[in-house]
Amino acid sequence: MQVNVFDTPQAAAKSLAAEVAELIRSRAAQGRPAVLGLATGATPLPFYAELIRMHREEGLSFAHVVTFNLDEYCGLPREHRESYWYFMHHNLFDHIDIKPENVNLPSGTLNADEIPAHCAAYEQKIKDHGCIDIQILGIGRTGHIGFNEPGSDDTTITRQVHLDDLTRSDAAPAFGGKDNVPASAITMGVATIMGARRVALMAWGAKKAPIVKKAVEGPVTADVAASYLQKHPNAAFYLDKAAAAELA
Ligand code: F6R
């Protein structure tokens, strides 16, 4: 696994965005879409800001880009401020020329009995696009990628999951209290993520340093879903110095 350490999150995000821009441009030149797997949360914000800057200042076009987001909270309508639909539009899609029909996120407003078929269709739609060219990830303090909480092994695909207590505590400030954080979400599985041609995980700050160490240097285990990336043929971590501080 590649581990790239940068002085700042901005420098790391800029390097990753340049790689993604190159992919988008080379695919567009071939008349083929680039398929991006995207993440939400605080971590990818500088990466999205850099993509928007490249769109505005360098003419980077997303007209041939297809996106699949990792996850969505169950029970949140699109217009909810904490929905990942809202997040992605507010922080990226509303500022670039992506076609609305090329944007894919799991739905947050399904009845329980509709969820399995929705998850199967989401997984199939990714396959119909060949595969994800590059999957962007953050990492939770439980070691989750997407919402693959401890116990998620590398056979898991898109499905409904219960959120770990620590994950709900971390989300509590945004929701005005832990009781308001949804109890479950729909997430791509570890196998879905491992199916991407390239995987790029970003992590910033000292709070992430212990779990980054486990993911990079610990055993490959379902207790830390991100540890499976050690087995991916083309995975890279993009870290700032603080997040990399505990690595040997
Ligand atoms: C987001 C996601 C999560 C986050 C992780 C880190 O779509 O799937 O795995 O990447 O919880 O969140 P932040 O970046 O807010 O620390």
Side-chain angles (χ1 to χ4, degrees), residues 6 8-73 76-109 118 121-138 145-146 158 186-188 192-193 195-202 204 234 236 238:
F6 297 82
T8 61
Q10 285 69 25
K14 209 171 156 64
S15 165
L16 181 55
E19 179 187 326
V20 170
E22 176 54 33
L23 168 77
I24 293 172
R25 289 194 176 105
S26 72
R27 282 302 166 81
Q30 299 162 1
R32 291 169 58 205
V35 184
L36 308 183
L38 299 178
T40 59
T43 306
L45 287 174
F47 168 72
Y48 294 145
E50 177 62 8
L51 291 182
I52 294 167
R53 188 199 66 74
M54 285 194 282
H55 172 67
R56 287 185 179 152
E57 296 177 11
E58 298 171 12
L60 177 67
S61 173
F62 292 77
H64 297 287
V65 171
V66 175
T67 63
F68 288 92
N69 263 83
L70 283 165
D71 41 21
E72 179 60 281
Y73 289 113
L76 298 194
R78 288 178 171 181
E79 57 279 7
H80 191 290
R81 287 262 166 168
E82 294 305 322
S83 83
Y84 287 167
W85 174 274
Y86 182 92
F87 176 99
M88 286 308 303
H89 285 77
H90 189 67
N91 291 300
L92 181 64
F93 299 146
D94 288 350
H95 310 287
I96 58 176
D97 62 341
I98 194 161
K99 295 179 181 143
E101 64 270 28
N102 286 346
V103 163
N104 298 283
L105 283 99
S107 171
T109 52
H118 177 74
Y122 200 74
E123 194 75 27
Q124 187 58 46
K125 196 167 182 188
I126 294 171
K127 290 204 177 93
D128 292 345
H129 280 84
C131 73
I132 289 170
D133 288 308
I134 181 162
Q135 176 66 56
I136 306 301
L137 298 174
I145 46 178
T158 304
I186 293 175
T187 182
M188 284 185 199
T192 323
I193 293 167
R197 200 163 283 135
R198 179 160 167 81
V199 179
L201 185 152
M202 293 178 277
W204 327 131
N234 190 8
Y238 289 76

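Hydrogens, waters and symmetry mates are skipped; everything else that's a heavy atom, side chains included, is used.
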Can you give me the closest heavy-atom contact between [X] and [Y], atom names plus distance?
X: S61; Y: I24; answer: O-CG2, 3.3 Å
X: C131; Y: R197; answer: SG-NH2, 3.5 Å
X: N69; Y: P106; answer: O-CD, 3.8 Å
X: L201; Y: I145; answer: CD1-CG2, 3.8 Å

From [X] [atom1] over to [Y] [atom2], what is the distance, rounded to the nearest 0.5 angstrom?
X: F87; Y: Y73; atom1: CZ; atom2: OH; answer: 10.5 Å
X: Y86; Y: L105; atom1: OH; atom2: CG; answer: 14.5 Å
X: I132; Y: I193; atom1: CD1; atom2: CD1; answer: 8.5 Å
X: I96; Y: M54; atom1: CD1; atom2: CE; answer: 10.5 Å
X: K127; Y: T192; atom1: NZ; atom2: OG1; answer: 7.5 Å

Test ring-ring contact (aromatic ring centres under 6.0 Å, His included) applied to H129 - qualifying residues, sequence neighbours left out: F68
For [X], check side-chain contact (heavy atoms from CB on, under 4.5 Å) against everything at least two apart and list the hits.
X: Q30; answer: R27, R32
X: E19; answer: L16, I134, R198, Y238
X: H80; answer: L76, P77, E82, S83, F175
X: H89; answer: W85, F93, D94, V103

Check whether any side-chain heavy atom of [X] sits under 4.5 Å from a side-chain heavy atom of [Y], and report yes or no.
X: T158; Y: T187; value: no
X: W204; Y: M202; value: yes
X: I52; Y: L92; value: yes
X: V199; Y: L137; value: yes
X: M188; Y: D71; value: no

Could you note down all residue pairs passing salt bridge (Lys or Arg N to Asp or Glu O under 4.0 Å) where residues 40-52 supplies at least one of them, sequence neighbours left out? K14-E50, E50-R53
Decide side-chain contact (heavy atoms from CB on, under 4.5 Å) for I98 and T67; before the verdict, give the C-alpha distance in whole Å, the side-chain angles of both, and the deciding distance to 0.1 Å. CA-CA 9 Å; I98 194 161; T67 63; 3.6 Å; yes
Got a sec, which residues hit salt bridge (Lys or Arg N to Asp or Glu O under 4.0 Å) with E79, two or more places apart in sequence or on another chain? none
Looking at V35, is its backbone amide N or carbonyl O close enough to the side chain of D133 to form a donor-acceptor pair, meaning the two atoms are under 3.5 Å apart?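 It does hold such a pair.
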Side-chain donor/acceptor of H55 to backbone N/O of L60, under 3.5 Å: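 Looks like yes, one N/O pair under 3.5 Å.
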The criterion is side chain to side chain donor-acceptor pair (under 3.5 Å); which residues satisfy it with [X], sequence neighbours excluded?
X: T8; answer: none
X: E101; answer: none
X: R56; answer: none
X: K125; answer: N104

Kindly determine whether S107 and E72 satisfy side-chain hydrogen bond (donor to acceptor under 3.5 Å, both in side chains), including the steps that lead there. CA-CA 7 Å; S107 171; E72 179 60 281; over 6 Å; no
Does N102 form a side-chain contact (heavy atoms from CB on, under 4.5 Å) with H64? I'd like the steps, not just the answer. CA-CA 8 Å; N102 286 346; H64 297 287; over 6 Å; no
Enumerate donor-acceptor pairs with a distance under 3.5 Å from any side-chain N or O in residues 37-49 to protein atoms, sequence neighbours excluded.
unit_1	atom_1	unit_2	atom_2	d
Y48	OH	A39	N	3.3
Y48	OH	A39	O	2.6

